[in-house]
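Heads up, the thing below is written out as structure tokens.
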Amino acid sequence: MKTMKYVLMGALMLSVGTPAIAQDGTKADVAAVKNLIANKQTDAKSMKPFYNKNKKNPENLIEFARAFYEVKDTANARTAAENAIKAASKDKSLAAPAYIILGDIKALADDGGGAAALYDQAIYFDPKNPDAYRKYASVYRKISPQGAISKLNDLRAQLPDYPVDAIIGHINYISNNFDEAIASYDKVPQNKLEKMDIIESAFSAYLTQKYDKGIEMAEYGLQKEPRNSTLNRLAMFCNTEKGNFDKALDFADRLFNKSDSANISYMDYVYYGNALNGLKKHDEAIAMFQKALMQEFDNKDKRAGVIQTLANAYKGIEDYPNAIKYYEQYLGEVSKASASDYHSFAQLHVKNSDQLEGEAKTAALQKADGIYADMATKYADIDDFIAFQRAHVSLFMDPDFKKGLANPHYAKLVEMLAAKEEKDATDIKRITEGCGYFINYYVHIAPDNAKAKEYAAILLKVDPQNEAANAVMQLK
């Protein structure tokens with residue numbers, strides 16, 4: 001019914017001719033054109049009377065152009081803007097907003113150079129129009145960030161009291177120069193910052209791990225808008241990262257329950273869960289991570305990351321069966337798992353074995369060893385690390401050394417590390433462990449003095465004062 005009313009209004013206005021249109025080009029024309037736009041009745045015939053009646057009113061023509069642009073009707077927006085430029089022939093400063101709209105149309109078509117040229121025209125006709133400088137800088141920064149900032153310094157010369165550094169902060173922000181964005185915003189008195197300036201400064205601080213700064217800016221903005229969801233979110237994120245978990249939970253409550261238009265995302269649930277974890281409220285944290293998995297994700301790796309977080313939460317409460325379940329799910333969903341990921345998965349099985357006995361314990365350790373064996377086929381560059389881990393897993397299965405399960409892994413480890421020309425502290429520590437194992441094995445488990453001396457000699461090359469190795473060398 002409401003739509004029909006507007007259709008009838010539009011038809012009536014067209015049918016009665018000029019009396020429905022203000023003869024002197026008043027704001028009534030703007031309202032009428034906006035109604036035509038809303039009802040998609042803006043063809044050349046319907047717009048002609050409005051252009052005729054406003055041919056000396058650039059302000060109204062600019063409002064027509066902006067209304068068309070807002071609904072992405074760029075053809076009509078261009079026509080209205082060009083008419084506004086003609087109407088401003090006696091005072092070109094009035095044409096500046098029309099050039100800005102024409103620049104916006106070029107920018108929408110991804111013609112940054114063309115947009116910059118039109119914004120520059122607006123600046124030429126009205127050198128004190130900050131919107132023209134801001135938009136010029138926004139598109140020109142892709143060509144030359146320094147050129148964009150130079151243009152903004154021209155605005156500073158025209159309007160010394162205008163917060164130009166806030167615009168420079170925005171240019172740096174959208175150019176991903178977050179440190180520079182913070183520095184620019186810091187030059188502006190806080191009471192002169194707009195809402196988006198405060199948000200961008202706080203977000204830049206979060207992204208650069210300057211969490212105290214992020215908290216400062218978010219809390220300042222929240223003094224004015226306590227129900228701002230973005231600022232409550234940033235305050236929760238930064239406080240969580242800082243370990244201020246009580247404060248983080250306060251802002252989480254504000255975000256989830258006391259904010260306007262809060263579109264809750266998976267990240268919100270993850271941070272909420274991390275804050276709960278920090279206060280050892282593990283069950284509540286796990287519930288939040290589960291809720292995070294129920295949200296929409298724009299790529300599978302982000303979802304996989306939440307699954308990994310959930311697995312780690314179960315690990316934190318030593319619920320290894322669930323930790324293993326979700327970590328395995330993570331490995332199945334992430335696009336490219338790392339060697340570190342597989343190592344973590346193997347270690348979950350090792351930790352799980354601590355809670356088991358008998359065959360179940362052995363089975364868990366065999367799963368860990370199987371993961372490391374698979375890693376050996378994928379990551380040849382960390383062979384020594386894998387051999388070291390497999391040796392440890394074997395020791396857990398053979399704690400009294402009698403089966404010699406660790407022998408092949410320690411042998412490989414010592415061979416690889418001993419052959420290195422330059423050895424770091426970790427290498428020396430692992431050689432010491434491996435040789436120490438074999439000295440003990442060949443002295444006490446399977447006596448073989450020659451073999452024991454072989455490993456003692458290797459050990460003495462990296463640790464000449466080693467007492468056990470020196471003692472073995474005295475054996476006959």
Side-chain angles (χ1 to χ4, degrees), residues 30 33-34 37-38 40 42 47 51 58-88 92-156 158-159 162-178 180-181 184-185 193-197 199-201 203-204 230 298:
V30 176
V33 168
K34 287 182 178 180
I37 292 172
K40 299 181 180 179
T42 51
M47 286 302 300
Y51 288 137
E59 292 91 344
N60 275 6
L61 292 166
I62 287 165
E63 290 206 47
F64 297 169
R66 181 57 65 191
F68 279 120
Y69 179 79
E70 286 175 356
V71 296
K72 301 297 184 288
D73 184 347
T74 55
N76 272 316
R78 184 180 296 106
T79 298
E82 289 170 348
N83 279 323
I85 292 170
K86 292 176 185 176
K92 287 293 187 180
S93 67
L94 298 176
Y99 282 108
I100 291 174
I101 292 170
L102 291 174
D104 291 346
I105 293 169
K106 290 285 188 181
L108 191 65
D110 204 25
D111 181 359
L118 287 162
Y119 295 141
D120 209 23
Q121 278 286 88
I123 292 169
Y124 176 78
F125 290 122
D126 184 3
K128 295 185 183 297
N129 186 321
D131 197 38
Y133 291 91
R134 180 176 61 81
K135 294 197 171 190
Y136 176 96
S138 292
V139 295
Y140 201 72
R141 55 118 186 155
K142 296 179 181 178
I143 302 168
S144 169
Q146 289 306 313
I149 291 173
S150 175
K151 182 65 75 172
L152 291 172
N153 284 325
D154 292 343
L155 172 60
R156 196 193 304 274
Q158 291 288 335
L159 298 173
Y162 192 84
V164 173
D165 287 303
I167 304 177
I168 295 175
H170 173 69
I171 296 302
N172 281 314
Y173 175 81
I174 60 179
S175 301
N176 295 331
N177 298 323
F178 300 116
E180 292 86 346
S184 297
Y185 282 127
L193 292 173
E194 301 292 334
K195 176 175 69 176
M196 285 309 301
D197 299 333
I199 288 173
E200 289 179 0
S201 178
F203 195 51
S204 296
T230 302
D298 55 14

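Just so you know, residue 1 is the first one in the sequence shown, and it goes up from there.
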Residues passing the side-chain hydrogen bond (donor to acceptor under 3.5 Å, both in side chains) test with Tyr185, sequence neighbours excluded, are Glu200
Nearest 0.5 Å, please: how far is CD1 in Ile101 from CG in Leu118? 11.5 Å
Nearest heavy-atom pair of Ala80 and Leu61: which atoms, and what distance? CB-O, 3.8 Å
Parallel under 30°, tilted from 30 to 60°, perpendicular over 60°: which one fits the rings of Phe125 and Tyr99? parallel
Ile37 side, atom CD1; Phe68 side, atom CZ - distance, nearest 0.5 Å: 4.0 Å
Counting only heavy atoms not in Lys106, do more than 12 fall under 6.0 Å of its NZ? no
Tell me, please, which residues at least two apart from Ser175 pass side-chain hydrogen bond (donor to acceptor under 3.5 Å, both in side chains). none
Sequence neighbours left out, what passes salt bridge (Lys or Arg N to Asp or Glu O under 4.0 Å) with Asp126? Give chain and number order. none
Might you point out which heavy atoms bring Ala107 and Tyr119 nearest each other, and give the distance in Å? CB-OH, 4.1 Å
Measuring from Ser93:OG to Lys128:NZ, what's the distance to the nearest 0.5 Å? 12.0 Å
If you measure from CD on Glu194 to CD1 on Ile167, what distance do you get to the nearest 0.5 Å? 10.0 Å
By side-chain hydrogen bond (donor to acceptor under 3.5 Å, both in side chains), Lys86 pairs with (sequence neighbours left out) none
So, using side chain to side chain contact (heavy atoms under 4.5 Å, CB included) as the criterion, who are the partners of Pro97 when residues are at least two apart? Ile62
By side chain to side chain contact (heavy atoms under 4.5 Å, CB included), Ser184 pairs with (sequence neighbours left out) Ile168, Asn172
State whether the side chain of Asp111 and the backbone N or O of Gly114 hold a donor-acceptor pair below 3.5 Å, judged by distance alone. yes
Distance from Asn176 atom CG to Ser204 atom OG, nearest 0.5 Å? 9.0 Å
Going by salt bridge (Lys or Arg N to Asp or Glu O under 4.0 Å), name the residues that satisfy it together with Arg134, two or more places apart in sequence or in a different chain. Asp131
Hey, what do you get for CG (Asn83) to OH (Tyr51), rounding to the nearest 0.5 Å? 6.0 Å
Mind checking salt bridge (Lys or Arg N to Asp or Glu O under 4.0 Å) for Asp110 and listing every partner two or more places apart, or none if nothing turns up? none
If a pair satisfies salt bridge (Lys or Arg N to Asp or Glu O under 4.0 Å) and one of its residues is in residues 64-74, list it, with sequence neighbours excluded. Arg66-Asp104
Sequence neighbours excluded, the answer for side-chain hydrogen bond (donor to acceptor under 3.5 Å, both in side chains) partners of Gln121 is none
Donor-acceptor under 3.5 Å (Tyr140 side chain, Ala115 main chain): no
Do you know the tightest heavy-atom contact between Tyr162 and Leu155? CD2-CD2, 3.9 Å
Report the residues that fulfil salt bridge (Lys or Arg N to Asp or Glu O under 4.0 Å) with Lys34, sequence neighbours left out, ordered by chain and then residue number. none
Sequence neighbours left out, what pairs pass salt bridge (Lys or Arg N to Asp or Glu O under 4.0 Å) with at least one residue falling in residues 138-156? Asp120-Lys151, Arg156-Asp165
